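Scroll down for the structure; my scribbles are underneath it.
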Amino acid sequence: MKKEYIIFTDLDGSLLNHEDYSFDEAKEMLGFIQAQKIPLIYTTSKTRKECEILQQEMKITGPFIVENGAAIYYPDREMELLGVEHSEIKAFIGSIADEFKINYFSNMKIEEIMEYTLFEYEQAAYAKSRDFSEPFLIHDERRLTELEVLAEAQGMKILKGGRFYHCVGIDQDKGMAVERAMKHFEGYTSIGLGDNYNDIAMLNVVNIPVLIPHHEGKYIDFSLEGLHKASHKGSKGWNSALKGILSA
């Protein structure tokens with residue numbers, strides 16, 4: 001009997017190149033996935049609007065997971081919430097921003113987000129408009145452990161992404177969201193692709209985990225039985241890794 005696959009993928013640094021957000025080098029396998037009707041579910045720190053735009057550009061439909069596992073959006077517009085509302089997270093980060101020298105999205109001008117991300121104005125505006133998380137930069141990373149303790153006391157936690165840290169609800173991560181989404185795809189063999197520390201929870205729960213080198217061309221410090229390692233970073237590595245798995 002033919003295996004039914006489902007793919008959960010990180011976006012920035014994985015399906016999308018870190019430097020220019022291009023997915024050109026992944027178009028071969030995107031076309032194959034569409035032709036084979038394999039579900040492709042974004043599992044990302046990006047917002048709902050950013051995901052909707054990318055789905056249109058890639059000509060795919062289906063559920064997607066936003067803001068590091070905070071919520072799952074389904075094609076019928078139903079939403080499954082795992083995280084907490086942005087207002088709570090913003091209030092917490094705002095209350096300790098001066099003490100920890102934190103620069104966070106809600107407090108940044110759109111032009112500043114453009115500088116950090118290299119987004120165009122509209123893209124940066126969509127990235128700034130959060131529902132369940134707060135991306136931030138911290139001046140002294142040695143204070144992260146202290147910050148994590150404070151966040152936990154407020155029912156939140158800190159995740160490390162490719163460009164930013166993210167403050168999110170304590171009862172969410174990409175792995176929890178993948179497990180929740182998989183209840184709608186029983187019997188499918190799950191593939192997960194990611195390049196950074198906030199992808200580890202996802203890689204731990206899928207049947208076939210794929211680690212992509214991050215934007216500097218190196219792998220994060222992570223090992224797991226059965227872990228596949230892509231030979232290239234970004235969309236090129238994403239494409240070649242999937243090609244090897246799906247043609248096996």
Side-chain angles (χ1 to χ4, degrees), residues 3 5-19 23 25-26 29 33 38-46 65-70 82 133 135 138 141-149 151-152 156-182 185 188-248:
K3 253 185 192 178
Y5 288 103
I6 182 170
I7 301 166
F8 295 89
T9 183
D10 173 52
L11 291 174
D12 293 347
S14 298
L15 176 50
L16 305 179
N17 292 340
H18 177 87
E19 297 82 6
F23 58 89
E25 291 179 295
M29 289 311 297
I33 288 163
I38 299 171
L40 176 65
I41 299 182
Y42 300 155
T43 310
T44 178
S45 61
K46 288 186 179 296
I65 296 166
V66 301
E67 298 190 45
N68 283 303
L82 287 80
S133 65
I138 184 169
E141 294 190 351
R142 292 173 298 181
R143 299 196 68 185
L144 273 171
T145 301
E146 188 182 349
L147 177 58
E148 287 168 346
V149 170
E152 186 173 351
M156 301 172 196
K157 63 184 175 185
I158 307 300
L159 298 175
K160 179 173 174 55
R163 282 183 168 84
F164 304 97
Y165 289 94
H166 300 260
C167 184
V168 302
I170 201 165
D171 292 323
Q172 71 168 79
D173 60 37
K174 290 185 177 185
M176 295 178 192
V178 165
E179 288 182 319
R180 194 76 66 88
M182 279 300 296
F185 296 92
Y188 282 68
T189 297
S190 57
I191 303 171
L193 302 100
D195 72 310
N196 225 305
Y197 290 99
N198 59 335
D199 298 313
I200 287 175
M202 170 180 67
L203 298 179
N204 275 324
V205 300
V206 295
N207 300 120
I208 304 174
V210 180
L211 184 63
I212 296 171
H214 59 65
H215 66 279
E216 294 177 351
K218 300 176 182 178
Y219 300 100
I220 60 168
D221 184 13
F222 174 64
S223 60
L224 180 68
E225 186 177 350
L227 181 68
H228 294 243
K229 287 190 172 182
S231 53
H232 305 280
K233 64 181 182 178
S235 60
K236 183 177 182 179
W238 188 95
N239 193 83
S240 62
L242 270 183
K243 190 173 183 178
I245 293 166
L246 295 177
S247 62

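Along the sequence shown, residues are numbered consecutively beginning with 1. Bear in mind that the values here come from a model prediction, so they are computed numbers and not experimental data.
- Side-chain atoms of Gln172 do not come within 3.5 Å of backbone N or O of Ala177 as any donor-acceptor pair.
- If you take CG on Leu40 and CD1 on Ile33, they are separated by 5.0 Å, rounding to the nearest 0.5 Å.
- Side-chain N or O atoms of Thr43 include one that pairs as donor or acceptor with a backbone N or O of Ile41 at under 3.5 Å.
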Verdict with supporting geometry, Met202 and Val178, side chain to side chain contact (heavy atoms under 4.5 Å, CB included): CA-CA 7 Å; Met202 170 180 67; Val178 165; 4.0 Å; yes
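- Inter-residue side-chain proximity for Leu147 and Tyr165 is flagged as unmet; no heavy-atom pair is nearer than 4.5 Å.
- Not a single donor-acceptor pair under 3.5 Å links the side chain of Asn198 to the backbone N or O of Gly161.
- Smallest separation of non-hydrogen atoms from Leu203 and Gly194: CD2-N, 4.1 Å.
- The number of heavy atoms from other shown groups lying within 6.0 Å of CD (Glu152) does not exceed 12.
- If you take OG1 on Thr44 and CG on Leu16, they are separated by 8.0 Å, rounding to the nearest 0.5 Å.
- Sorted by first and then second residue, the salt bridge (charged side-chain N to carboxylate O under 4.0 Å, His left out) pairs with a member in residues 209-237 read Glu19-Lys233; sequence neighbours excluded.
- By the ring-ring contact (aromatic ring centres under 6.0 Å, His included) test, Phe222 pairs with no residue at all, sequence neighbours left out.
- What you find for Ser231 and Ser240 is that their closest heavy atoms are OG-OG, 3.8 Å.
- Residues Ala26 and Leu15 come closest through the heavy atom pair CB-CD1, 3.6 Å.
- Rounding to the nearest 0.5 Å gives a distance of 9.0 Å between CG of Asn196 and CG of Leu211.
- Looking at residues two or more places apart in sequence or on another chain, you find a ring-ring contact (aromatic ring centres under 6.0 Å, His included) between His18 and His215.
- Partners of Phe23 according to the ring-ring contact (aromatic ring centres under 6.0 Å, His included) rule, which considers only residues two or more places apart in sequence or in another chain, do not exist here.
- Taking the ring-ring contact (aromatic ring centres under 6.0 Å, His included) definition, one finds that Phe164 meets it with Phe105, sequence neighbours left out.
- In this model, a donor atom of one side chain and an acceptor atom of the other lie less than 3.5 Å apart for Ser190 and Asn207.
- Between Tyr5 and Tyr188, the closest heavy-atom pair is O-CD2, 3.4 Å.
- Expressed to the nearest 0.5 Å, how far CD of Glu67 lies from CG of Leu82 amounts to 12.5 Å.
- Side-chain atoms of Ser14 do not come within 3.5 Å of backbone N or O of Leu11 as any donor-acceptor pair.
- Nearest heavy atom pair, residue His214 against residue Tyr219, reads CD2-C, 4.2 Å.
- In this structure, Ile38 CD1 and Lys3 NZ are separated by 12.0 Å, a value rounded to the nearest 0.5 Å.
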Derivation and outcome, side chain to side chain contact (heavy atoms under 4.5 Å, CB included), residues Ile7 and Leu193: CA-CA 8 Å; Ile7 301 166; Leu193 302 100; 3.6 Å; yes
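- Sorted by first and then second residue, the salt bridge (charged side-chain N to carboxylate O under 4.0 Å, His left out) pairs with a member in residues 162-176 read Asp10-Lys174, Lys157-Asp173, Lys174-Asp199; sequence neighbours excluded.
- Under the 3.5 Å distance criterion, the side-chain polar atoms of Asp195 are left unmatched by any main-chain donor or acceptor of Ile212.
- Between Arg180 and Ile65 the shortest side-chain heavy-atom distance does not fall below 4.5 Å.
- Smallest separation of non-hydrogen atoms from Pro213 and His232: CD-O, 3.2 Å.
- Taking CZ of Phe8 as the reference point, atom CD1 of Ile191 lies at 10.5 Å (rounded to 0.5 Å).
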